[in-house]
Q: 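Here it is: the structure, laid out below.
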Amino acid sequence: MIKVSPSLLAADFGNLEKELSAVKESGAEFIHLDVMDGLFVNNISFGIPVIKSLRAKSDLFFDTHLMIIDPLSYIKAFSDAGSDMITFHLECNSDIDETIAAIKKENKKCGISIKPKTEAEALLPYLDKIDSVLVMSVEPGFGGQSFMPEVLPKIEKIRAWKPDILLSVDGGIDDKTAPLAKKAGADTLVAGSYFFKAQDKSEAVKILKA
Ligand code: DX5
Ligand code: ZN
């Protein structure tokens, strides 16, 4: 069963409550929350207080994607804000095992994300300790970029190593690229532009899942 996680980065930030309802009504399972600190990536999005306010308005599963250099220092804050899953980058500056432990201590699902140039093998020491892997199919920092098909073999490898892990792909997902990601073994599709630009969001989710 394929799950869809619309990325709020492509939403209208002046109407977040309405956008959250649209996600809920579309049949998507998750909402993907892209947090950027202007250091790990060249962009700044939103953070802890915004997630906290969204939590008060929505019972969707909050899939928080931390594109920040020091996730360990902020795990408790993102947990308290209402994240259900916290995904951080393998390329960050925090100690990876300590960050996993901090997320587990909060009783949250734990994910690790890798940028397009990071090898799948770099995940091997951690795969038995985490719930999810997020493979970036664009350079993190911005929505609306083109899908990088060269990441597909990494998705195949991770799926072969861990048949049951939640395996998401993030960046440039649309009706053309979703089938490639699914064929490679992804079970969760993060989609920003494709979802929020769609007139009929339920139809967009159906197309991604099909
Ligand atoms: C990029 C973010 C993505 C992004 C996806 O740094 O992690 O989640 O919002 O947007 P689209 O689907 O437009 O590529
Ligand atoms: Zn993301």
Side-chain angles (χ1 to χ4, degrees), residues 2-13 16 19-20 22-23 26 28-48 50-51 54 60-69 71 74 78 81 83-92 103 109-118 130-152 154-155 166-182 186-199 201 203-205 207-209:
I2 302 293
K3 293 172 279 299
V4 173
S5 189
S7 164
L8 197 71
L9 197 61
D12 174 2
F13 284 8
L16 286 177
E19 299 285 55
L20 276 184
V23 173
S26 72
E29 284 77 6
F30 300 162
I31 176 87
H32 182 90
L33 302 169
D34 285 306
V35 175
M36 303 178 183
D37 64 357
L39 297 165
F40 186 79
V41 293
N42 293 325
N43 198 4
I44 299 177
S45 55
F46 53 81
I48 296 148
V50 173
I51 294 177
L54 297 172
L60 281 161
F61 184 94
F62 279 15
D63 159 23
T64 299
H65 177 195
L66 297 179
M67 286 162 275
I68 67 178
I69 53 166
Y74 297 95
F78 281 104
S83 305
D84 294 299
M85 174 156 74
I86 300 178
T87 298
F88 66 99
H89 269 268
L90 191 64
E91 306 87 355
C92 72
I103 297 170
K109 298 268 184 228
C110 174
I112 296 184
S113 182
I114 53 172
K115 299 206 277 185
K117 289 192 190 76
T118 302
I130 59 180
D131 303 292
S132 165
V133 171
L134 177 70
V135 173
M136 293 294 310
S137 41
V138 297
E139 285 299 334
F142 297 90
Q145 304 180 78
S146 299
F147 182 82
M148 298 168 72
E150 56 267 41
V151 307
L152 291 168
K154 291 199 288 191
I155 298 173
L166 188 75
L167 179 46
S168 308
V169 57
D170 183 8
I173 292 293
D174 60 21
D175 53 335
K176 312 246 165 9
T177 56
L180 307 175
K182 287 184 282 186
D187 58 19
T188 306
L189 303 172
V190 177
S193 315
Y194 180 73
F195 178 87
F196 281 100
K197 278 190 189 149
Q199 291 301 325
K201 294 183 169 49
E203 187 59 25
V205 169
I207 290 169
L208 292 176
K209 288 187 177 197

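Keep in mind it's a predicted model, so treat the numbers as computed, not measured. Remember, it's 1-based here, ligands and their atoms both numbered in the order they're listed.
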Q: With the Zn ion (ligand 2) at the apex, how many degrees lie between ND1 of His65 and OD1 of Asp34, rounded to 10 degrees?
A: 90°
Q: Considering only heavy atoms, does Ser193 approach ligand 1 within less than 4.0 Å through its side chain, its backbone, both, or neither?
A: both
Q: To the nearest 0.5 Å, what is the distance between CZ (Phe78) and CG (Leu66)?
A: 5.0 Å
Q: For His32, take its heavy atoms, then give the atoms of ligand 1 lying under 4.0 Å from any of them.
A: 8 (O)
Q: Please check this pair: side chain of Lys154 against backbone of Thr118, looking for a donor-acceptor N/O pair closer than 3.5 Å.
A: yes
Q: Going by distance only, is there an N or O of Asp34 that falls short of 3.5 Å from an N or O of ligand 1?
A: yes
Q: Whether the side chain of Asp37 engages the backbone of Ile69 through a donor-acceptor N/O pair (distance < 3.5 Å, no angle test) should be reported.
A: yes
Q: Around atom 1 (C) of ligand 1, find the nearest protein heavy atom and jot down its residue, atom name and distance.
A: Phe142 O, 3.6 Å
Q: Could you tell me which atoms of ligand 1, counted from 1 in the order shown, lie closer than 4.0 angstrom to a heavy atom of His65?
A: 7 (O)
Q: Looking at atom 9 (O) of ligand 1, what's its closest protein heavy atom, distance included?
A: Ser7 OG, 2.9 Å
Q: Show the atoms of ligand 1 that are less than 4.0 angstrom away from any heavy atom in Gly143.
A: 10 (O), 13 (O)
Q: Atom 5 (C) of ligand 1: which protein heavy atom is closest, and how many Å away?
A: Asp170 OD1, 3.5 Å
Q: Counting only nitrogen or oxygen atoms and a 3.5 angstrom limit, does Gly141 reach ligand 1?
A: yes
Q: Find all atoms of ligand 1 within a distance of less than 4.0 Å from any non-hydrogen atom belonging to Leu9, and give their numbers and elements.
A: 9 (O)
Q: Please check: side-chain N/O of Thr177 versus main-chain N/O of Phe147, any donor-acceptor pairing under 3.5 Å?
A: no
Q: Is there a side-chain contact between Glu150 and Pro116 in this structure, where contact means two heavy atoms from C-beta onward sitting under 4.5 Å apart?
A: no
Q: List every atom of ligand 1 that sits less than 4.0 Å from any heavy atom of Gly171, numbering the atoms from 1 in the order shown and giving each element.
A: 14 (O)
Q: Treating Gln145 as the side-chain partner and Gly171 as the backbone partner, does any N or O pair qualify as donor plus acceptor under 3.5 Å?
A: no
Q: Taking non-hydrogen atoms only, is Phe195 closer than 4.0 angstrom to ligand 1 via side chain, backbone, both or neither?
A: neither
Q: Is any N or O atom of Gly192, backbone or side chain, closer than 3.5 Å to an N or O atom of ligand 1?
A: yes
Q: Parallel, tilted or perpendicular for His89 and Phe40, by the 30°/60° rule?
A: tilted
Q: Under 3.5 Å, N or O to N or O, is Glu139 touching ligand 1 that way?
A: no
Q: With a 4.5 Å limit on heavy-atom distance, are the side chains of Leu189 and Lys182 in contact?
A: yes
Q: Could you tell me whether Lys201 and Glu19 make a salt bridge, using a distance below 4.0 angstrom between a side-chain N and a carboxylate O?
A: no
Q: Any N or O on Gly144 sitting closer than 3.5 Å to an N or O of ligand 1?
A: yes
Q: Has Ala10 got any heavy atom lying under 4.0 angstrom from an atom of ligand 1?
A: no
Q: List every atom of ligand 1 that sits less than 4.0 Å from any heavy atom of Met67, numbering the atoms from 1 in the order shown and giving each element.
A: 6 (O), 7 (O)
Q: So which of Gly172, Ser5, Pro6, Pro140 gets nearest to atom 14 (O) of ligand 1, if we judge by its closest heavy atom?
A: Gly172
Q: Checking side chain to side chain contact (heavy atoms under 4.5 Å, CB included) against Leu90, which of Ile112, Leu134, Val133 comes through?
A: Ile112
Q: Go through ligand 1 atom by atom and flag the ones less than 4.0 Å from a non-hydrogen atom of Ala191.
A: 12 (O)
Q: Between Asp34 and His32, is any side-chain donor less than 3.5 angstrom from a side-chain acceptor?
A: yes
Q: Of all the atoms in ligand 1, which lie at a distance below 4.0 Å from a heavy atom belonging to Met36?
A: 6 (O)
Q: Ignoring hydrogens and geometry, is there a side-chain-to-backbone donor-acceptor pair from Asp187 to Leu167 under 3.5 Å?
A: yes
Q: With the Zn ion (ligand 2) as the point of reference, which N/O/S atom of Asp170 is the closest?
A: OD2
Q: Which of these passes side chain to side chain contact (heavy atoms under 4.5 Å, CB included) with Thr87: Thr64, Asp63, Ile103?
A: Asp63
